[in-house]
Amino acid sequence: MNGPDRRCAVLGDPISHSLSPLLHRSAYDALGLDGWRYDRVRMDADGLADFIHGLDPSWAGLSLTMPLKNAVGPLGDFCDYWSKTLGVANTAVFAQGGPAKGPSLYNTDVEGIVAALLEAADRCRADEDPDDLAALLEVTGQGRQDRLPDQPYRGTRALVIGNGNTAESAFCALKVLGVERVDLLVRNPEHCDHMLALASRLDLPEPTVTAMDRSESAEKALIGTDIIVSTLPSGAADPLADLLSTAETPEAHDDKRLGPVLLDVVYDPRPTPLMKAFCSRPGGRAISGERMLLYQAVRQVALMTGRPLAAVPVAAMDRALREA
């Protein structure tokens, strides 16, 4: 299926490890988009505006990772529920006129986290009916907690490690999943006012904020929760893995509920030390950030190519990811 050549890319720093090109290129292949390219571009926040303003009309969209999710806001318009809620975007899409008109901005991280955690609970699969997966992503993208077909995490307690842009998306995802409360484990507790404000806006109880360098308190936070989402960069959570490895075994989990679940957004290395330590705990399930990456890429592909969400070849993208 030949068509006009179009370009997309993932931007960030660091970026050499990114699996986004693998996912998007596998989607283009499955869709027959022979003239489409998807590259990696190392980019810091200071250079983003000049980069976008210098793009030609062949560019269809950008995926944005650290440290660009905030920096892109002044350069475009927030166009979906979560980007408007957070003022944070991981996706920039250019209209037919190209970058000269400025990008439309979206946040697909929230639905990526929701789908990854539902996959861990055996409630979501990349090879399921495309219409069902599309419906799940649509409902999540609209912030519609009441429309989820199943909520295995309702009433649970969660812990988010980190306080950056992905941590904000994790709070929103956990709210959609119906958790009872979300607490914080962070390197710098004095920099958490925005997270406390977000919890209030989401009608969640005020989070307990624990410092990572307070070993005893950090250990209690890690073993006293049902769901953990670590949003720290590669290597930053390794000290917590050491804490988990030596922590006492918690009391047996209620048989009617899932065992403890960890989502570590890092996927290089796979698995991370934190995941290995977590899986050594009784009943512990750990999922890598590549699962979040897969599901957040689904709507990105749809937005950039103009295809319906249900037409995105998620199974082909998943196969490419598992074979990488």
Side-chain angles (χ1 to χ4, degrees), residues 1-10 19-38 57-64 76-85 89-99 101 103-116 118-119 123-150 169 172-173 176 290-321:
M1 184 188 299
N2 293 317
D5 291 349
R6 300 305 304 273
R7 295 193 63 184
C8 301
V10 57
L19 292 173
S20 290
L22 176 75
L23 288 171
H24 286 255
R25 291 168 187 169
S26 65
Y28 301 161
D29 288 344
L31 291 168
L33 299 176
D34 301 332
W36 283 64
R37 288 177 52 186
Y38 189 101
S58 69
W59 283 82
L62 303 170
S63 306
L64 303 163
D77 297 315
F78 295 122
C79 293
D80 67 344
Y81 181 82
W82 291 119
S83 66
K84 292 176 181 178
T85 297
N90 71 329
T91 309
V93 179
F94 303 112
Q96 193 65 35
K101 294 187 175 182
S104 298
L105 304 177
Y106 302 86
N107 183 318
T108 69
D109 279 341
V110 176
E111 58 211 68
I113 295 170
V114 167
L118 287 176
E119 182 179 271
R123 304 301 202 279
C124 173
R125 297 199 325 270
D127 61 352
E128 69 178 273
D129 186 313
D131 289 325
D132 291 343
L133 180 57
L136 168 65
L137 297 178
E138 287 282 11
V139 166
T140 303
Q142 297 165 4
R144 295 295 303 275
Q145 175 185 353
D146 60 309
R147 297 288 299 277
L148 284 183
D150 189 8
S169 293
C172 296
V176 169
E290 67 190 64
R291 307 314 297 166
M292 171 191 168
L293 186 73
L294 168 67
Y295 291 115
Q296 63 84 35
V298 176
R299 189 151 63 101
Q300 285 189 338
V301 171
L303 289 166
M304 293 179 191
T305 65
R307 274 24 181 210
L309 199 56
V312 176
V314 185
M317 296 163 68
D318 184 42
R319 283 194 300 272
L321 192 61

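Quick caveat, the model's predicted, so the values are computed rather than measured.
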- [ ] Could you check if a side-chain atom of V10 sits within less than 4.5 angstrom of a side-chain atom of H24, using non-hydrogen atoms only?
- [x] no
Task: Interatomic spacing from CG in L23 to CG in L321 - rounded to 0.5 Å - done: 5.0 Å
Task: Rounded distance (nearest 0.5 Å) linking atom OH of Y295 with atom OG1 of T140 - done: 12.0 Å
- [ ] Would you indicate whether the side-chain heavy atoms of T305 and R6 approach each other to under 4.5 Å?
- [x] no
Task: Spacing of CD belonging to Q296 relative to OH belonging to Y106, to within rounding of 0.5 Å - done: 15.0 Å
TODO: Kindly write out the residues that satisfy ring-ring contact (aromatic ring centres under 6.0 Å, His included) with Y28, not counting sequence neighbours, or none if the list is empty.
DONE: W36
TODO: Rounded to the nearest 0.5 Å, what's the gap from OG on S169 to CD on E111? Could you check?
DONE: 10.0 Å
Open item on the list: How long is the straight-line distance from CG of L294 back to CG of L22, given to the nearest 0.5 Å?
Closed with: 10.0 Å
Open item on the list: Please give me the minimum heavy-atom distance between L64 and T91, naming the atom from each residue.
Closed with: CD1-N, 4.4 Å
Open item on the list: For a 4.5 angstrom cut-off between non-hydrogen side-chain atoms, does L62 reach R7?
Closed with: no
Task: Side-chain (D127) to main-chain (A315) donor-acceptor, under 3.5 angstrom - done: no
TODO: Considering non-hydrogen atoms only, spot the tightest contact between V176 and G143 and give its length.
DONE: CG2-CA, 4.4 Å
- [ ] Taking all non-hydrogen atoms of both residues into account, name the closest pair between L105 and A89 and its distance.
- [x] CB-CB, 3.8 Å
Open item on the list: If you compare all heavy atoms of A126 against all heavy atoms of E119, which two are closest, and at what distance to 0.1 Å?
Closed with: N-OE1, 4.3 Å
Open item on the list: Any heavy-atom pair between the side chains of R307 and L33 that's under 4.5 Å?
Closed with: yes
TODO: Side-chain contact test, heavy atoms from C-beta onward, threshold under 4.5 Å: evaluate it for V314 versus P130 and give yes or no.
DONE: no
Open item on the list: Return the CE to CG distance between M317 and L293, rounded to the nearest 0.5 Å.
Closed with: 8.5 Å
Task: Residues K84, D77: salt bridge by 4.0 Å N-O rule - done: no
- [ ] Search all heavy atoms of D129 against all heavy atoms of D131 and return the closest pair with its distance.
- [x] OD1-N, 2.8 Å
Open item on the list: I want to check something: taking the side chain as every heavy atom from C-beta on, are R125 and D318 in contact at a cut-off of under 4.5 Å?
Closed with: no
Open item on the list: Tell me if a side-chain donor or acceptor on Q300 pairs with a main-chain N or O of G61 at a distance below 3.5 Å.
Closed with: no
Task: All salt bridge (charged side-chain N to carboxylate O under 4.0 Å, His left out) counterparts of D80, not counting sequence neighbours - done: R299
Task: Counterpart residues, side chain to side chain donor-acceptor pair (under 3.5 Å), relative to Y38 (two or more places apart) - done: S63
Open item on the list: Using side-chain heavy atoms (C-beta onward) and a distance below 4.5 Å, is D5 in contact with R37?
Closed with: no
TODO: Write down the atom of L137, the atom of A115, and the distance for their closest heavy-atom approach.
DONE: CD2-CB, 4.2 Å
